[in-house]
Amino acid sequence: MTGERRARDPYLNHWADHAADKTLRAHPDVKRIVVAAGITPSGVVHIGNFREVITVDLVARALRARGVEVRFIYSWDDFDVFRKVPKDAPQQEMLQGELGKSIADVPDPWGTHESYAAHNIARFEESIAPLGIEPEFIRQHRMYRAGKYAAGIRSALQNAAVIRDLLNAAREATGARTRIADDWLPLAGFCTRCGKDDLSFDYDGEWTVQVHCNGCGHDEAVDFENGSDLKLPWRVDWPMRWGYEKVCFEPGGKDHSSAGGSYDTAKGIVRDIYGWVAPEYVGYDFVSAKGQGGKLSSSKGGVVDVTTCLEVYEPEVLRWLFAGYRPNTEFAISFDLDVIKLYEDYDRTVRLAHEAEDGGKKDKKRQTARRTLELASVPERTIEPGSTPPTLIAFRHLSTVLQTFDGDIAATGDYFVATGELPEADRARFEQRARCVWNWVEQYAPEDFRYRIRTEPVTRDIPEDQREPLRRLVEILRADANPTETDLGGKMSEMSKSGVDMKAFFPVVYDLLLGRDRGPKMSTLLAIMTPAKALPLLEPSLG
RNA sequence: GGGCUCGUAGCUCAGCUGGCAGAGCAGCUGACUUUUAAUCAGCGGGUCGUAGGUUCGAACCCUACCGGGCUCACCA
């Protein structure tokens, strides 16, 4: 397993493929490539954190596409200190008293999980399951308490001076004013009596640390060989874990990516103390949210999480979004009208990806579309050029029809099957999209976009010149209990040609049916409603 | 102040290790169709932030500058 494990395929040309190639070049002899993600569950794990996970997942897929065995680990940094009480959490007073403890030891204020950290972790792990992301989850607090990192801690303590010099060198290089003190130890942790993190240490050179709690005054000799509440500070913890897990690839937020930043110093520490090299790295930019109005700020503390995104985006569309942007591009997840455009872009990409290649210029675009879509696919699959794409009902069209059926997804599906627009085989996918469309219509769509068919008829005083057209429309509907959209389109056309001013007439009809003066294409609306439902709304006004 | 990163069409972004600037949307024109406009055909649109350099050849590599973002904690 050395050198090129597989001839470079020009089609494997996505940024995740490049990252995979780079990783393989850096580790030509490794049998099983370890890729890692790591996040602190110190608050709601949001869509920005998700970028870390999806980035690793995409690179993992790219590595597997090269025939490499991959281990995808996800480290939850839940031995982190609880520093800030989230504003939207219940039991503010209780939480206030827990500040300084490990988030794995702070009670869950929502009362549904074993700890504050566990609550945030569970929510996120559940949310990414539909996306086909299945890492091996690792809980830091368990690893530390089980003594897994004991040797790593001892190495750090015994080499405290080396680490201090490395960190100080970085500070010097970046012009920082302060320096680390000579008696500093690369150690942190929690008091076994009060649980808080304000500690002083004295190291014996082997496995025992004298711990003094500056908070409650507790003194204790802690033997960390078989696990304890001691841990390494972040800048040392990260490289220690690289060495422990033999991590070959791990991305980082742009906040880690600068000189003197944690990746930079970790690089030196892992090399000098832990005998491993820093993983290949991709820096990713932030993800923001756009167009959710006031909806979010109250319920989610201003943070968009994966669950919220999946209410509007199909799993594969969400993956496709993240796969499409280069990691270092900042972008916003949209909940406004952009959603329609994004679905349209996605649908077009699907069609393009399935087209057969013809040797022309467009092949490159077909390949890009195909590769991006493969990486986005849930479940993972490859796409054959020239194969039949799945049938996808356009978002906009679906929103219209779905509203006509008042959100009844099964009935809407039946309708599309009946019209021939939807093969029965693609029904599951259709229902997934329909749920997203309906959520969007209900929660985010502008008023202009929304309508509902009247449940109770109203009787209007119809203007003289509109009575005859209305009578004709009613006759048309009475004549055929199940007209198709095309049938009705033809009738509308006839009415128009016979001199009816449809521009003036339609608002009258829309008002009777929907309570507004505009609406979906009339023939579509009436065909879907069926005369049985439309007539009772129209007839009373005939007088 | 040091560093990283971005700057490409009106907008959002591609552009693989240097080889004729490119997609979608928006815009405009035409066709068809009577309603939140769909679909089809076509068109226009860029000094690739600025100025130098390397090269047969630069959006891409190097230098400087301008502008935006980020970063440089006994925090993860």
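Just so it is clear: chains get the letters A, B, ... in the order the sequence lines come, proteins before strands, and each one is counted from 1.
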Can you find a side chain N or O atom of A:R348 that sits less than 4.0 Å from OP1 or OP2 on B:rC25?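 Yes, because at least one side-chain N or O of A:R348 sits under 4.0 Å from OP1 or OP2 of B:rC25.
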
Distance below 4.0 Å between A:T368 side-chain N/O and B:rA23 OP1 or OP2: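 It does not, given that no N or O in the side chain of A:T368 lies less than 4.0 Å from OP1 or OP2 of B:rA23.
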
With distance as the sole criterion, is a donor-acceptor pair present between the side chains of [X] and [Y] under 3.5 Å?
X: A:N214; Y: A:S200; answer: yes
X: A:E250; Y: A:Y263; answer: no
X: A:H141; Y: A:D77; answer: no
X: A:H397; Y: A:E421; answer: yes
X: A:S288; Y: A:E330; answer: no

If pairs are Watson-Crick or G-U with both distances under 3.5 Å, what is the dot-bracket string of RNA chain B, marking crossing pairs with [ ] and pairs to another strand with |? (((((((..((((.....[..)))).(((((.......))))).....(((((..]....))))))))))))....

Send over the distance from [X] [atom1] to [N] [atom2], rounded to a whole Å.
X: A:K365; N: B:rG24; atom1: NZ; atom2: P; answer: 8 Å
X: A:L488; N: B:rU33; atom1: CG; atom2: C1'; answer: 16 Å
X: A:F190; N: B:rA76; atom1: CZ; atom2: P; answer: 9 Å
X: A:W320; N: B:rA23; atom1: CH2; atom2: C1'; answer: 11 Å
X: A:E330; N: B:rA14; atom1: CD; atom2: P; answer: 12 Å
X: A:L525; N: B:rU36; atom1: CG; atom2: P; answer: 11 Å
X: A:F331; N: B:rC11; atom1: CZ; atom2: P; answer: 20 Å
X: A:H397; N: B:rU36; atom1: NE2; atom2: P; answer: 12 Å

Tabulate atom names and distances for all N/O pairs under 3.5 angstrom spanning the protein and nucleotides 37-40 of chain B.
{"residue": "B:rA37", "atom": "OP1", "partner": "A:R396", "partner atom": "NH2", "Å": "3.1"}

How would you label the contact of [X] with the nucleic acid (heavy atoms, under 4.0 Å): base, sugar-phosphate, or nothing?
X: A:Y451; value: base
X: A:P233; value: sugar-phosphate
X: A:T400; value: nothing
X: A:K364; value: base
X: A:M492; value: nothing
X: A:G261; value: nothing
X: A:S493; value: sugar-phosphate

Considering only atom C1', compute the distance from B:rU12 to B:rU47 and round it to an integer number of Å.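 Going atom to atom, C1' in each nucleotide, I get 22 Å.
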
Atom C1', compared across B:rA58 and B:rG15: separation rounded to whole Å: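 Approximately 14 Å lies between the C1' atom of B:rA58 and that of B:rG15.
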
Considering only [options], which nucleotide approaches the side chain of [X] most closely?
X: A:R83; options: B:rC25, B:rU36, B:rC75; value: B:rC75
X: A:M522; options: B:rA14, B:rU35, B:rA23; value: B:rU35
X: A:W234; options: B:rU36, B:rA23, B:rA76; value: B:rA76
X: A:P507; options: B:rG22, B:rU12, B:rU35; value: B:rU35

Side-chain donor-acceptor distances from residues 38-48 of chain A under 3.5 Å, at least two apart:
{"residue": "A:H46", "atom": "ND1", "partner": "A:G48", "partner atom": "N", "Å": "2.9"}
{"residue": "A:H46", "atom": "ND1", "partner": "A:N49", "partner atom": "N", "Å": "3.4"}
{"residue": "A:H46", "atom": "NE2", "partner": "A:N49", "partner atom": "OD1", "Å": "3.3"}

Looking at A:W440 and A:F335, would you say the former's side chain and the latter's main chain have a donor-acceptor pair under 3.5 Å?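 It does hold such a pair.
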
Tell me, please, which residues at least two apart from A:E314 pass side-chain contact (heavy atoms from CB on, under 4.5 Å).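 If we apply the side-chain contact (heavy atoms from CB on, under 4.5 Å) test to A:E314, skipping adjacent residues, the hits are A:V317, A:Y343, A:R429, A:Q432, A:R433, A:C436.
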
Excluding sequence neighbours, so at least two apart, what forms salt bridge (Lys or Arg N to Asp or Glu O under 4.0 Å) with A:D78?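 Partners of A:D78 by the salt bridge (Lys or Arg N to Asp or Glu O under 4.0 Å) criterion come out as none, since no residue qualifies.
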
Nearest-0.5 Å distance, CG of residue A:L232 to CD1 of residue A:I163: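 Answer for the CG-CD1 pair, A:L232 versus A:I163, is 7.5 Å.
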
Give every pair of a protein N or O atom and an N or O atom of nucleotides 6-9 of chain B that lie under 3.5 Å apart, one pair per line with the distance.
{"residue": "B:rC6", "atom": "OP1", "partner": "A:N328", "partner atom": "ND2", "Å": "3.4"}

